[in-house]
Every structure is written in C-alpha cells, then in structure tokens.
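Reading through the structure tokens given below for one structure.
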Amino acid sequence: MQDVSIPRVNLLGLTQPKLEAFFESLGEKRFRATQLLKWVHQLGVLDFHAMTNMSKLLREKLSQVAELRLPEVEQQLDSVDGTRKFLIRVEGGSAIETVFIPEGERGTLCVSSQIGCSLDCSFCATGKQGFNRDLTAAEIIGQVWLAAQSFGQLRENGPRRITNVVLMGMGEPLLNFDNVVDAIHLMMHDNCYGISKRRVTLSTSGVVPALDRLGEYTDCCLAISLHAPNDALRDQLVPLNKKYPIAVLLNSAKRYIQGLPDTHRKITIEYTLIDQLNDRPEHAHELAQLLQDVPVKINLIPFNPFGLVNYKRVSNNALKRFQTILIEAGYTATIRTTRGDDIDAACGQLAGQVNDRTRRSERYLGQVETVRVLGGL
Ligand code: SAH
Ligand code: SF4
C-alpha cells in the first residue's frame, strides 16, 4: 500500500512566533513555544519524550507530527591554538564548514548561510564553486547547536563558550534573507543562545535591496566586504558592484546603522588585501578619503591563496604600510590573524586544502557534492 503519512515538521529552525503558531495549530497554548526553545537550544534536548514539563499526551503528539532534525557532524578537528573546525553534512549530500575561534574570554563561531555562492567574487573559493542551494534556518542554527553541544554548553549552567557569531562562512547571507533572519533571531533570543546584538555580525558583499530591508527585521552588527576603494577596482573583485556600486552600498549601510536605536554602532569594513592589486599606498589613501563620513572600523584580511586563481597574499610590508596609513588617517584598522593553521581552518587558506580533502572523500563516499571553504575568519 502507498505510504500517505504527512512529513513531520522540523521544529529546529522555528522562531518563537512560528513555534507559537505551530502549537496553536495543535490546540495548545503559546507558552509551549518558550518551553520547547529552552529544551532544544539551552538544554540540548531533542527527544520530545524527555520534555517533562509537557503532558505525556502532548509529547506523544509531538513525536508523531514533528521532529528536531540536525545536520550531521562528519568530522571535528581541534587545532593546538584552540580553533575547532566542523565538517557538517547537510541533506542532499553536500557538506559545509563551521569554525570556532577562541580568543581570551571571547569565542567566535563562523557559520555558513548557503552551499556555494552565486556572486563569484574573483578572490573567493566559494564563489568559484558556484551555487548549490540555500541553507534552511534549521541548518544555520544547527551549526550553532552542534558547536555549542560539542563544548558541553547545552545543559543547566553549561560553560558559555560561544559568545559571538559571524555570518562569514560560505554563501551570501542577504541572498538567503528569511532563513538567515530567523536563525539570527534564535541566536539572540533569551530563551535560546542569548547572544547580544553587538555580538552577531552579518557580512555582505552588498545586496543593497536586501540590506535596505534588514533593519526592519534585525539589529545585528553589519560587515561590508568592500575590498577596493573605487568602483573600477571593485568591479573586478566583486562583480555585484556593477549592479550596486560603492556609493549606493555605503549609503544603504549607513542607513542601516543609523536606523539602529543604540548610537555609536560602527560598520565593519572588510578589506581583503591581494598582492599588487589593491594593497598600494594610494589605495589606502583613497579608502581613507572614501570612508570619511561613514562610521566604520576597518578589518584588513590578508588574501589566502587557493588553487584556482593567480592572486598572491599581500606582503607583510605592504600590509603594515596599508594599516599605518589608515591609522594615521584616524581609523581603527585591525589585521585579521591566521588561526587554526594546523587543521586547515585558517581564513581562505583552507580553500584548496578542503577541496582536496573533499575530492578524496568524494572518491571514498561517492556522494559529496561540494564543500566550502570559510573565507572569512
Ligand atoms: N558573502 C559574504 C560572507 C561570506 S565571505 C561576504 O562576501 O561578505 C566572508 C569574507 O571572506 C569576505 O569578506 C572575504 O573577504 C573573505 N574571503 C573570501 N575568500 C577569501 C580568501 N581567499 N582570502 C581571504 N579572505 C577571503
Ligand atoms: Fe560569495 Fe562572499 Fe565569496 Fe563573494 S566573498 S563569492 S559574496 S561568499
């Protein structure tokens, strides 16, 4: 006989309002949503039967109509410097990477929002892989859940290792708007991970219409992947710039940051430095000029080479010189240091190596479609 069972709804990526609607549809009270969020995202409980503040009948019902389905950690690698990298298998056979970087009291988790990316920035290994699909809200928040669980964080008084989240992994978060916004809500929610709005950062290469809407849905921090001080150069590095040029992008970013209720928030400008391409003193001066009316801090990222492009890493001298010019012009300009070298978790650099490993596992498993690369740690 044909199986006519209705697929169970995955509650893992549902925000509080969506869960409330779900419980109401079962004829239950809305406060069940709060109970469920705490069980899942604070205590790490995925078995409905163990949710003891719900009636037996409700638990039974939940296990019939719903599920809490996570992607699967295929590999976890720990670096001597404390960096932890997860290779996570998602439905369809693809894999994504999530990296945790500890820094003193701070623990930053870098999560992916898509499998691949359609925007094809010339220096980015993800872009070179093309686009596979959006991650679901469950797959995005699932990365946080899995990392938190690996640190024993998801229990009563568990250690709070993940203090910050950056959406700087694979994919363009603003092209997966609804799922990313839902996942951000779960990251920040007091009944879930409770991460402050000043510690969740969305990084974008500049999808202006989506950025224009972002402030209606969240108040997280914003990072703009600029990489060039003028349109001619940025057109070469970030093809999306031809559609939304620098002035339009910076205006949209300014509107977002100025629309936030708390003052003194700054936009992070990400600038990946590539040898002889965008690393000259005149570029630094032009950048200083460009950003003079924008509230920013600047993060300089040495380009990490990978097999498919001929770009080279910026020299240490050029990097220092670039930073000094910006600091002398009055900016906060930091250099993103390489972490997790020994486990291939370093920024961008892990690209080729991860791909090599994917290809090896592809031969072995015969099912891997694509693995990304974290460009942005
Ligand atoms: N799509 C979003 C977020 C993911 S990319 C965005 O573009 O902002 C996050 C960061 O990874 C980008 O700022 C980019 O600078 C960085 N990145 C990508 N490839 C890199 C590489 N090979 N070396 C260094 N940084 C890289
Ligand atoms: Fe996509 Fe960001 Fe890579 Fe550009 S830098 S291709 S937007 S992931």
Side-chain angles (χ1 to χ4, degrees), residues 96-99 101 108 110-132 134-135 140 143 165-177 180 184 200-208 210-211 214 220-228 234-244 249 253 267-275 277-279 298-314 319 334-341 344-355 370-377:
I96 52 168
E97 288 200 351
T98 306
V99 178
I101 311 120
T108 302
C110 180
V111 307
S112 297
S113 57
Q114 298 181 310
I115 306 170
C117 183
S118 60
L119 295 179
D120 199 20
C121 299
S122 63
F123 56 90
C124 174
T126 305
K128 297 290 153 216
Q129 291 177 336
F131 176 66
N132 183 315
D134 285 336
L135 293 178
I140 301 170
Q143 296 170 62
V165 175
V166 291
L167 282 144
M168 291 184 187
M170 179 182 194
E172 169 49 55
L174 289 184
L175 289 180
N176 185 12
F177 194 92
V180 162
I184 288 176
V200 175
T201 303
L202 181 150
S203 172
T204 179
S205 59
V207 187
V208 168
L211 182 54
L214 188 65
C220 68
C221 296
L222 179 66
I224 298 289
S225 289
L226 195 65
H227 313 308
R234 194 166 191 264
D235 281 352
Q236 286 176 43
L237 296 171
V238 183
L240 187 67
N241 194 65
K242 294 181 195 132
K243 208 163 177 186
Y244 308 114
L249 172 57
I267 303 161
T268 301
I269 296 291
E270 295 169 277
Y271 194 105
T272 300
L273 282 153
I274 305 166
D275 182 51
L277 198 85
N278 61 356
D279 65 343
I298 302 168
N299 197 208
L300 302 173
I301 311 166
F303 168 71
N304 279 311
F306 58 97
L308 300 173
V309 291
N310 287 327
Y311 297 153
K312 289 201 191 70
R313 186 191 188 278
V314 61
L319 177 61
T334 49
I335 294 173
R336 201 176 285 177
T337 49
T338 298
R339 298 288 304 269
D341 241 347
D344 307 341
C347 174
Q349 177 193 39
L350 60 88
Q353 293 157 27
V354 170
N355 284 336
T370 161
V371 162
R372 142 67 174 175
V373 179
L374 281 163
L377 296 182

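Counting starts at 1 for both ligands and their atoms, in listed order.
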Notebook entry, point to check: Under 4.0 Å from any heavy atom of E270, which atoms of ligand 1 are there?
Noted result: 10 (C), 13 (O)
Note to self: Using only atom types and a distance under 3.5 Å, with no angle test, would you say the side chain of Q143 pairs donor to acceptor with the backbone of S112?
What the structure shows: yes
Notebook entry, point to check: Which ligand 1 atoms, with their elements, are less than 4.0 angstrom from a heavy-atom of T204?
Noted result: 6 (C), 8 (O)
Notebook entry, point to check: Quick check: does G171 get an N/O under 3.5 Å from an N/O on ligand 1?
Noted result: yes
Margin query: Contact between V166 and C110 at the side-chain level, heavy atoms closer than 4.5 Å - yes or no?
Written below: yes
Check: For ligand 1, which atoms have a heavy atom of I301 less than 4.0 angstrom away?
Finding: 15 (O), 24 (C), 25 (N)
Next item on the list: Just go through F123, Y311, F306 and tell me whose heavy atom is the nearest to atom 19 (N) of ligand 1.
Entry: F123
Check: Under 4.0 angstrom from ligand 1, any heavy atom of H227?
Finding: yes
Check: Which of the numbered atoms in ligand 2 are below 4.0 angstrom from a heavy atom of G127?
Finding: 6 (S)
Check: Under 4.5 Å between any side-chain heavy atoms of K128 and D120, yes or no?
Finding: yes
Notebook entry, point to check: Among A223, C110, G169, C124, whose heavy atom sits nearest atom 5 (S) of ligand 1?
Noted result: G169
Check: Hey, does the side chain of E172 reach the backbone of S205 with a donor-acceptor pair shorter than 3.5 angstrom?
Finding: yes
Next item on the list: Heavy-atom distances under 4.0 Å are what count here, so tell me which part of L119 touches ligand 1: side chain, backbone, both or neither.
Entry: neither
Item checked: D120: numbered ligand 2 atoms lying under 4.0 Å from its heavy atoms -> 6 (S)
Item checked: Side-chain heavy-atom pair V238, C121 within 4.5 angstrom cut-off -> yes
Margin query: Check whether R313 reaches the backbone of P305 with its side chain - one donor and one acceptor, N or O, closer than 3.5 Å.
Written below: no
Next item on the list: Assess G171 for proximity to ligand 2: is some non-hydrogen atom of it under 4.0 Å away?
Entry: yes
Notebook entry, point to check: Of all the heavy atoms in P305, does at least one lie under 4.0 Å from an atom in ligand 1?
Noted result: no
Note to self: Within ligand 1, which atoms have a heavy atom of S205 less than 4.0 Å away?
What the structure shows: 6 (C), 7 (O), 8 (O)
Item checked: Contacting atoms of ligand 2, where contact means under 4.0 angstrom from a heavy atom of S205 -> 7 (S)
Check: Between H227 and T272, which heavy-atom pair has the shortest distance, and what is it?
Finding: ND1-N, 3.0 Å
Checklist line | Proximal candidate to atom 7 (O) of ligand 1 [heavy atom criterion; set S203, S112, S225] | finding: S225
Item checked: Side-chain heavy atoms of L211 within contact of L249, under 4.5 Å -> yes
Notebook entry, point to check: Quick check: does any side chain N or O of N299 sit under 3.5 Å from a backbone N or O of T268, one acting as donor and the other as acceptor?
Noted result: no
Checklist line | side chain to side chain contact (heavy atoms under 4.5 Å, CB included) evaluation trace for F123 with V309 | finding: CA-CA 7 Å; F123 56 90; V309 291; 5.8 Å; no
Margin query: Suppose we only count N/O/S atoms under 2.8 Å; would C121 qualify as near atom 3 (Fe) of ligand 2?
Written below: no
Notebook entry, point to check: Among P239, C124, S113, which one has a heavy atom closest to atom 3 (Fe) of ligand 2?
Noted result: C124
Check: When you measure from the side chain of D279 to the backbone N and O of V314, does any donor-acceptor pair fall under 3.5 Å?
Finding: no
Check: Does ligand 1 have any atom sitting under 4.0 Å from a heavy atom of P302?
Finding: yes
Notebook entry, point to check: Quick one: are L175 and L119 in side-chain contact, heavy atoms under 4.5 Å?
Noted result: yes
Next item on the list: Can you sort out which atoms of ligand 1 are near T272, meaning under 4.0 Å from one of its heavy atoms?
Entry: 14 (C), 15 (O), 24 (C), 25 (N)
